[in-house]
Structure formats: structure tokens, C-alpha cells
Participant: 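Shown below is the structure under consideration.
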Number of protein chains: 2
Amino acid sequence: MVTIYDVAAQAGVSIKTVSRVLNQEPNVRETTRAHVLAVADRLGYHPNLSARSLAGSRSFVIAVVADATLTLEHWRSEFGTDYLARIQLGVTPPCRAAGYHVLIELIDRDPALMRPQVNALLAALRPDGVILTPPSADDPLMLDLLDHAATPFVRLGPEQPDGPGLRLALDEAAAAAGMVGHLVALGHERIGLIEGAPEYGSSLARRRGFEAALREHRLEPAGIAVGDYTYDSGLRAGAALLGGRFRPTAIFASNDDMALGCMAAANALGLAVPADLSIAGFDDSAGARFASPSLTSVRQPLVELAAAAAEALIWPNGTPDAGRLGTIDRPGFVLVPRNSTAAPPRRHW
Amino acid sequence: MVTIYDVAAQAGVSIKTVSRVLNQEPNVRETTRAHVLAVADRLGYHPNLSARSLAGSRSFVIAVVADATLTLEHWRSEFGTDYLARIQLGVTPPCRAAGYHVLIELIDRDPALMRPQVNALLAALRPDGVILTPPSADDPLMLDLLDHAATPFVRLGPEQPDGPGLRLALDEAAAAAGMVGHLVALGHERIGLIEGAPEYGSSLARRRGFEAALREHRLEPAGIAVGDYTYDSGLRAGAALLGGRFRPTAIFASNDDMALGCMAAANALGLAVPADLSIAGFDDSAGARFASPSLTSVRQPLVELAAAAAEALIWPNGTPDAGRLGTIDRPGFVLVPRNSTAAPPRRHW
DNA sequence: CTGAAAGCGCTTACAG
DNA sequence: CTGAAAGCGCTTACAG
């Protein structure tokens with residue numbers, strides 16, 4: 001392997017000068033710089049990351065932390081697999097462009113496991129930055145460990161509005177409100193909600209958005225049922241909402257899995273979707289795209305969020321073209337209308 | 001950060017002894033070993049990977065090489081996203097268990113880009129091993145660069161039966177033959193084939209398996225149409241196969257996308273699947289699971305293959321329990337029967 | 001604008 | 001069974 005000494009010798013300068021050129025430091029004569037670069041290129045020189053990391057303050061490594069159990073489950077089920085892939089899609093291009101490497105690190109939630117795993121990660125890799133995906137983004141021990149190690153980190157879609165680290169928040173309330181707006185625009189006036197597990201912040205935010213939007217349109221909720229983000233809970237909640245006399249003409253579920261469960265409940269009751277009942281979900285999961293009818297949903301801007309996180313960690317003092325980060329600081333959700341929502345049926349009661 | 005010096009000082013030994021204990025080298029008194037481990041644990045010591053890599057011969061890094069364009073496309077489409085996720089699922093657990101880190105490295109196919117990218121990867125990271133996914137697994141330049149750098153590498157599902165590196169092959173012919181066996185068992189005697197792009201080795205292997213299985217059952221192909229692995233080509237090929245007078249009662253497509261295209265062609269002709277026509281695919285993609293009717297397909301054992309690759313790189317001289325690798329050396333495909341295949345219609349011509 | 005020295009935290013020979 | 005010395009390939013102060 002060719003080292004910095006080889007380049008220095010060939011170029012007739014000291015290794016320090018080569019180092020300056022490679023790191024784009026100032027105070028190098030332009031001709032020297034060009035010459036060194038030419039020699040490095042000719043020799044096929046590429047700096048050794050371990051040496052750089054050991055001697056300097058940068059490792060050129062960004063670690064993406066994901067919950068071990070959840071991630072392995074997602075990969076195995078090949079269903080919710082989207083999430084991490086979207087993160088990778090967002091993180092990878094800016095990292096590649098800046099010569100950074102991305103490490104997906106699976107960390108267990110159990111504190112007795114998490115503590116040594118995170119400490120080993122930080123000590124072994126000394127990553128220049130860590131990106132926390134939910135639920136790690138709100139784990140007190142995780143935040144504490146990173147904070148103590150003084151490792152820069154970004155929390156993707158945190159549920160807590162404060163705490164350490166850079167937070168890249170998602171405006172879930174606005175997204176939920178947007179979905180209500182979509183249903184109202186179709187003509188619906190009786191809209192029910194299937195709420196997610198109340199212990200999740202996302203679930204509360206989505207309910208908040210739902211209620212605010214209804215108020216704005218001077219409507220009352222046509223029933224609220226509580227689920228836990230699973231298909232089965234959506235099935236039960238759907239049955240409950242649709243069992244009454246004045247059933248809603250549209251139901252907004254806090255995630256796609258529950259929306260699909262609700263769709264099954266509607267089918268069981270002989271209701272056609274969307275002719276008799278409109279159903280909307282949240283997440284734009286694979287299931288939403290492949291369902292029959294396909295499910296109207298709202299897509300989290302995860303790719304943009306992850307890209308912003310990577311750029312914030314790579315360029316702590318502002319992106320090269322700083323304007324961009326600002327514009328994607330709080331990227332918007334995207335409403336994806338599909339075949340499960342339509343105008344309400346004409347009244348016949 | 002606590003270093004090996006801190007541990008050595010606290011334990012009252014030299015750093016070399018600490019190093020021996022940590023690397024599980026022989027020639028350490030049992031009491032010394034226990035004491036050092038206790039001190040290391042108490043201090044929360046974790047070795048710095050950069051220092052280990054720089055000083056020693058191991059980096060504890062496994063790089064998974066994937067084609068840049070294809071991977072970004074897959075991630076963006078959120079459709080073929082399965083592939084890399086399956087690889088990650090296979091590679092991650094053995095690496096975690098052995099203290100290795102996994103890096104997904106996107107490499108461009110263009111030689112002018114590939115050469116510096118691969119060289120930089122090898123020089124910067126000095127990975128202990130590289131896992132090549134298709135099509136990199138058969139790229140001559142890629143193989144040459146890795147071979148020259150003397151980096152151990154594994155080729156997943158290579159199409160060429162020889163060349164450098166450890167090859168973990170898939171028996172695609174056997175998988176195709178198995179699918180034909182499934183159709184024959186259902187009662188089909190007139191089975192057509194939609195072949196994939198002939199420039200892919202996989203396509204040839206699958207056709208070979210198809211023909212061998214038919215021969216074994218003393219049947220003739222009921223038509224062979226050539227596609228290129230795309231939905232559209234499957235649509236066209238299906239129309240061609242089904243347009244004749246003595247149409248097949250079952251069609252085996254060399255991948256799921258073409259099978260789904262063929263299904264559309266059948267629908268367009270008013271043929272019900274599977275009542276009038278059985279259709280089988282290959283890959284067990286997400287589309288197969290969500291299609292209507294769901295598509296019978298065959299699943300590549302990618303997870304097992306990737307796990308075997310990781311273990312081969314982590315334990316070059318045999319897995320700790322060496323028996324296991326042998327058993328997954330050539331893991332079998334899994335036939336996944338779904339609703340697109342059934343008994344043939346009763347003859348009525 | 002350029003360079004000589006020291007040191008990052010380990011492992012590799014080598015010596016005892 | 002244990003340790004002192006050298007060195008991996010860079011960057012960090014510091015000097016000129």
C-alpha cells in the first residue's frame with residue numbers, strides 16, 4: 001500500500017505538506033498543491049482512515065443507530081423494511097460525496113445491553129456523528145451516553161420536544177390535519193379517528209392535528225377509537241366505529257396497519273371502500289401501496305430528514321451551500337391520495 | 001476515553017499482557033487474565049478500532065459492495081428494496097456476535113469510477129473481507145482489484161462458475177426444476193416458459209432447469225417466449241404464449257415481474273388465474289406477495305447465503321463450530337405456493 | 001509558505 | 001508466562 005511517505009518522497013516535499021494538500025488546508029503554494037495532487041493521483045494514493053482517525057479528530061464515520069429487535073424483525077418480515085431503507089437512501093449520498101462511511105449499528109433496548117454496546121461503539125469507532133432513529137431518538141439512556149461522550153448526534157423525529165442533540169422534528173400534527181383536509185375536500189362531514197398507542201408521542205400529535213382540523217372546519221369527530229398501531233387493533237376499532245347507527249363516512253387511522261385492519265372490518269360489515277366508506281392511513285407503507293383498494297396515506301419525509309441529519313453531522317458549521325439545509329430543516333409530509341378515499345355516499349338515512 | 005495504558009496501570013501489568021487477554025492469546029496465567037478482565041470491565045474499557053487496525057492485521061470491518069445505481073434505484077422505488085435488506089439481515093448477526101462492523105459501500109459500475117472507488121475503499125478501510133452482491137460478483141474489474149489487493153472476498157450468487165474469491169453459488173436450475181415439479185404435481189402437462197434476458201447467467205440456468213424437469217416428466221415445452229426481466233416484457237411474452245390455439249395451462253416466468261406482466265396479459269384475454277391458467281414466478285419479491293391473486297414463486301436463500309459469507313470472512317480457518325458452514329454452503333431455494341397456481345382446467349377443446 | 005518532532009492506541013516481533 | 005521497544009500512517013502543535 002502506498003503511504004503519505006511515498007507521496008512526499010516522490011513529490012519532494014514533507015509529509016506535512018502532503019497532509020495539508022489532502023486536507024485542503026491553507027498555506028500551500030498553488031504549484032506545490034497541484035504537484036502533490038498529481039503525484040498522489042499517479043501513485044494511486046488513498047489515505048488510511050485508521051491512521052487519520054487515530055491521529056486526528058475525525059473518523060469519517062457516521063453511525064446510524066437502530067433498535068436491534070425492531071430492525072431484525074422488520075428485515076425478517078420484509079414488510080416494514082421500508083423505514084431503514086429510506087434512512088439509508090437519505091444518508092448515503094451526502095456521506096459518499098464527503099468521503100464518509102455509514103455504519104448501521106443495531107443496539108438493544110435493554111439498558112444492561114445498551115450501555116456496553118453504545119460505549120463500545122463510541123470507543124471503537126469514535127464516529128464523527130450518530131444518527132438516532134426512533135425509538136432510540138427518545139431513549140433517555142441513549143441520549144445520556146451520547147451526551148456524556150460529547151459525540152454529536154441527531155435525533156430523527158423525536159417525540160420529546162427538548163433534550164440534548166440536534167432534533168429534526170416531523171410535523172405530525174400538520175400531516176394529520178392535512179389528511180382531514182383531504183377528506184373534507186371530498187365532501188366528508190362525519191370523520192372518525194382510530195388513534196394509535198397513547199404512549200407514543202406520534203399518536204398524540206396525530207390526534208391533535210385531527211382535532212384541530214375538524215375544529216377549523218367546524219366539525220365534530222364522528223367517533224374516536226383507540227388502537228395500538230397493529231392491524232388487529234385497527235380491525236377491532238373499525239368494527240366499533242362502524243357498528244353504531246350514525247356511522248362515519250370516512251375514517252382516518254393513525255397508521256397504515258390499523259387502516260388496513262379497519263378496511264377488513266368494513267368488508268366484514270359489507271361496506272364497500274371507498275363507495276360506502278373512505279379510509280385513510282398514515283406512513284405510506286408498502287402495505288398501503290399494495291392493498292386493494294390501495295390506501296390513501298401520508299408519507300413521512302424520512303429521506304430528506306436523514307439527508308439533513310447527515311449533512312448536519314458532516315458540516316457542523318454549515319453546509320458548503322448552507323441554504324439547502326435550511327430549506328429541508330422541517331421538510332413537509334406528502335399526502336398520497338389513492339383508491340381508498342372518495343366522495344361520501346349520498347345520504348339515505 | 002480509557003486506554004489500554006489505564007487498564008495496564010490499574011491491573012499492575014504491562015499493556016502487552018492486557019493486549020494478550022483482550023485478544024484471547026495463550027500464555028497468560030488464569031488469575032492474571034481474570035484480573036485484567038475485571039479491571040477492563042470496571043473501567044469500561046473498549047479497544048479503539050483505529051489503533052487495532054493500524055497496528056495489527058485486522059480491521060474488524062466487513063464491506064458489502066453493492067452497485068450504486070441499482071441500489072439507489074431500489075431504495076427509491078421501495079419495491080425491490082428487499083434484496084439488500086435480506087443481505088443485511090444475513091450479514092449483521094454473525095458480525096455483531098464477532099465484534100465486526102458492516103459497511104454498505106455503493107460502487108459505480110463505470111470502470112473509471114469503480115477503480116478509484118474500490119482502491120479508496122480498500123486503502124481507507126482495509127476491510128477484513130468484502131462481500132460482493134450481483135452484479136459486482138461477476139465484474140471482471142472488481143474481481144481483479146480485490147484479487148490484486150489480496151483482500152479476502154466472497155461472491156454471492158455468481159454467474160461465472162470460476163474465477164477468484166470464494167463463491168457462494170445458488171442452484172437456480174434446481175429451483176426452476178422444482179417449480180416445474182410443483183406445476184406437474186398439480187396436473188399440468190402443457191407448461192410454457194417466459195425466459196429472462198439471455199445475457200444473464202441466471203436466465204440460462206433457470207431455462208436449463210425448466211427443460212431438464214420437463215424431460216424428466218416426459219413433457220414438451222408448451223412454448224417458450226423471451227423477455228428481459230421487466231413487467232412489460234412479461235406482458236408481451238404472455239400475450240404471445242396465450243395467443244395460440246393450444247395454449248399452455250401453466251406458465252413459468254423467470255422472475256416475478258414478468259410473471260405479473262403475464263398475469264395482466266391473461267386478464268386482458270379474459271383468462272382467470274388460476275382457474276384457466278396457472279402462473280408461477282421467481283424471486284419471491286414483494287410484488288408476488290401483494291399481487292392479486294398472490295403469486296406462487298420461489299425464494300432465493302439470500303439470508304442464509306449472506307450469513308455464510310460473513311462467517312467465512314470472519315473465521316477464515318473455519319467457523320467456531322465448523323459444521324454449520326458446511327450445511328449452508330449451498331442452501332436450498334424455498335418454493336412458496338400461493339394463489340396463482342392450481343390444478344389445470346378440465347379439457348374442453 | 002514549509003517542515004521536524006511528538007504522539008494517537010494499539011499489535012508485532014523479539015527478548016527474557 | 002511476561003514485558004520493553006518499535007512501528008503502523010497519519011495529524012497536531014510548534015518552529016521557522
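Given the structure is predicted, the values throughout are model-derived calculations rather than measurements. To find a chain, count down the sequence lines: A is the first, B the second, and so on, and within it residues start at 1.
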Participant: Would you say the side chains of B/Ser136 and B/Asp67 form a donor-acceptor pair under 3.5 Å?
Facilitator: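 B/Asp67 and B/Ser136 do not have a side-chain donor-acceptor pair below 3.5 Å.
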Participant: More than 12 non-hydrogen atoms from neighbouring residues, nucleotides or ligands closer than 6.0 Å to CZ on B/Arg33, yes or no?
Facilitator: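 Buried by this count: over 12 neighbours within 6.0 Å.
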Participant: How does protein reach along nucleotides 7-16 of chain C, written 5' to 3' as B (base within reach of a heavy atom under 4.0 Å), S (only sugar-phosphate), or - (no contact)?
Facilitator: BBBBBBB---
Participant: Please examine the side chains of A/Tyr5 and A/Val18, heavy atoms only from C-beta on, and report whether any two atoms are closer than 4.5 Å.
Facilitator: no
Participant: Output the residues of residues 29-42 of chain A in contact with DNA chain C, where contact means a heavy atom of the residue under 4.0 Å from an atom of the strand; sort by number or write none.
Facilitator: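 Result for residues 29-42 of chain A: A/Arg29, A/Thr32, sorted by number.
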Participant: Judged by modelled atom types alone, do A/Asp6 and A/Tyr45 share a side-chain donor-acceptor pair under 3.5 Å?
Facilitator: no
Participant: Do the side chains of B/Thr133 and B/Tyr83 get nearer than 4.5 Å, heavy atoms only?
Facilitator: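 When only atoms from C-beta onward are counted, B/Thr133 and B/Tyr83 do touch, with a gap below 4.5 Å.
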Participant: So what's the dot-bracket for DNA chain D: Watson-Crick or G-U pairs under 3.5 Å, [ ] if a pair crosses, | if it pairs off-strand?
Facilitator: |||.||||||||.|||
Participant: Evaluate the side-chain proximity of A/Leu122 to A/Val118: yes if any heavy-atom separation is below 4.5 Å, no if none is.
Facilitator: yes
Participant: Any side-chain heavy-atom pair from B/Met142 and B/Val65 closer than 4.5 angstrom?
Facilitator: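 Yes. Closest side-chain heavy atoms under 4.5 Å.
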Participant: Do the non-hydrogen side-chain atoms of A/Ile62 and A/His101 ever get within less than 4.5 Å of each other?
Facilitator: no
Participant: Give a yes/no answer on whether the side chain of A/Thr17 brings an N or O atom under 4.0 Å of OP1 or OP2 in C/dG3.
Facilitator: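 So the side chain of A/Thr17 is within the cut-off, an N or O lying under 4.0 Å from OP1 or OP2 of C/dG3.
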Participant: Do A/Ser53 and B/Ser50 get their side chains close enough for a donor-acceptor pair, meaning under 3.5 Å?
Facilitator: yes
Participant: Quick one: pull up CE in A/Met1 and NE2 in A/His46 and give me the separation to the nearest 0.5 Å.
Facilitator: 9.0 Å
